[in-house]
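Read the numbers this way: they start at 1 and go in the same order the structure lists the ligands and their atoms.
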Amino acid sequence: MIGLRVDIYKSPKELQDYLKSYKREGKSVAVVPTMGALHEGHLSLIKKARTLADLVITTIYVNPTQFAPTDDLDKYPRPFEKDCALAEELGTDIVFAPQDSVMYPEGYSTEVTCGGITTLLEGASRPGHFDGVTTIVTKLFNITLADHAVFGQKDAQQVLVMKKLVRDLNIPVKLHVALTIREEDGLAMSSRNKYLTKEERLSVPTIYKGLQLVQELYNGGERSVQILKEAVQNFYHRQSFYNLEYVSIADLECYEIEESIETGAMVSLACSTTVSHTRLIDNILLGDL
Ligand code: AMP
């Protein structure tokens, strides 16, 4: 691509071959898996990766197997040249951007499934989503020979699933989590924010305000899950630009906490806006987890 120094690989085999010889020199690799349409959130992951290893690989791949037929796969933004320039600016050495036909060639039929946790919360709302994620991430770990991988706290359950995947399959990758990057008004950055109408965009920062309300109540000593949930649900029901899918106060296995929070909790939610039908998720962590 004109003017770019970053190396772009599209073939898993070519990248593996290069990395095998690179790693023979004792060098380390950090990978940042993304679906592109890079924003400050992704860029913070790349910056973190830069501090972890000799070589930083950013993968840009809109993985079809983690989308349901009704999801936004076709309209998902793919500004590839801009992404490569941004990735390079922040310290990416290699962009891996394969085609579907290479990742899932004819005859492909293997799936990596993590049990339990992947059926809850996002897994319940989006059946099969995490099977797609765990399969593609396993493939990306194998292709990039990664020693380190960076994921965003924005997708809190995904982080927990990744930890389980790496632990259960003894994958020799060290996981790192980067904080959620937000717009000035608190909205968590997301490639999907581009879909929002002007009016929705003005309204959706209240998603984070609801989470902050829970945080304030928790900091003030409230531990009752019922009281915390009711407070945030009442707050969200006053918002007319989105419908709440779920609000959850869960432990790190994603099981709902029944009565009161003992040491900490993950508060997460999903909602869909009413005009552009954009699905948004966000979360905060309470206490010591
Ligand atoms: P995606 O391209 O949406 O699949 O996201 C790729 C990675 O970027 C995932 O690990 C996400 O959790 C992370 N990410 C997405 N949005 C943010 C954000 N606002 N702040 C931090 N990390 C993010």
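Look at H39 and you'll find a heavy atom under 4.0 Å from some atom of ligand 1.
A cation-pi arrangement, defined by a distance under 6.0 Å to the six-membered ring centre and an angle within 45 degrees of its axis, is absent between K139 and Y108.
Protein heavy atom at the shortest distance from atom 11 (C) of ligand 1 is D155 OD2, 3.0 Å. Among all protein heavy atoms, the one lying closest to atom 13 (C) of ligand 1 is L45 CD2, 3.7 Å. From the protein, the heavy atom lying nearest to atom 1 (P) of ligand 1 is H42 NE2, 3.6 Å. The protein heavy atom nearest to atom 23 (C) of ligand 1 is K154 CB, 3.9 Å. Closest protein heavy atom to atom 20 (N) of ligand 1: I181 N, 2.9 Å.
Shown in contact with L179 at under 4.0 Å from a heavy atom are these atoms of ligand 1, numbered in order with element: 20 (N), 21 (C). Residue F151 has at least one heavy-atom neighbour below 4.0 Å for each of these atoms of ligand 1: 10 (O). Below 4.0 Å from some heavy atom of T180 lie the following atoms of ligand 1, by number and element: 20 (N), 21 (C). For ligand 1, the atoms sitting less than 4.0 Å from at least one non-hydrogen atom of M189 are 16 (N), 17 (C), 18 (C), 19 (N), numbered in the order shown with element in parentheses. Near T34, with a cut-off below 4.0 Å to any heavy atom, the atoms of ligand 1 are 2 (O), 6 (C). Proximity to G152 (heavy-atom distance under 4.0 Å) selects the following atoms of ligand 1: 9 (C), 10 (O), 11 (C), 12 (O), 13 (C), 22 (N).
H42 contributes a side-chain N or O that, together with a main-chain N or O of H39, makes up a donor-acceptor pair within less than 3.5 Å. The main-chain N or O of E199 is never found under 3.5 Å from a side-chain atom of S203 such that the two would form a donor-acceptor pair.
In the model, Q157 has no side-chain atom that pairs as donor or acceptor with a side-chain atom of S268 under 3.5 Å. Side-chain contact annotation: Q226 with E230, donor-acceptor N/O pair under 3.5 Å present. Using a 3.5 Å distance cut-off with no hydrogens or angles, the side chains of E122 and Y246 do pair a donor with an acceptor. The closest side-chain donor-acceptor pair between N243 and Y236, if any, does not fall under 3.5 angstrom.
At a heavy-atom cutoff of 4.0 Å, ligand 1 is contacted by both the backbone and the side chain of M35.
Close N/O approach between A188 and ligand 1 is not found [any backbone or side-chain N/O within under 3.5 Å].
Of all the listed residues (A149, G41, P33), P33 holds the heavy atom that lies closest to atom 6 (C) of ligand 1.
The salt bridge (Lys or Arg N to Asp or Glu O under 4.0 Å) with D72 is formed by just one residue from the set R126, R192, R78; it is R192.
I227 is not listed as a side-chain neighbour of L217, based on a closest heavy-atom distance of 4.5 Å or more.
A perpendicular orientation is assigned to the rings of F141 and F151, their planes being inclined by more than 60° (bins at 30° and 60°).
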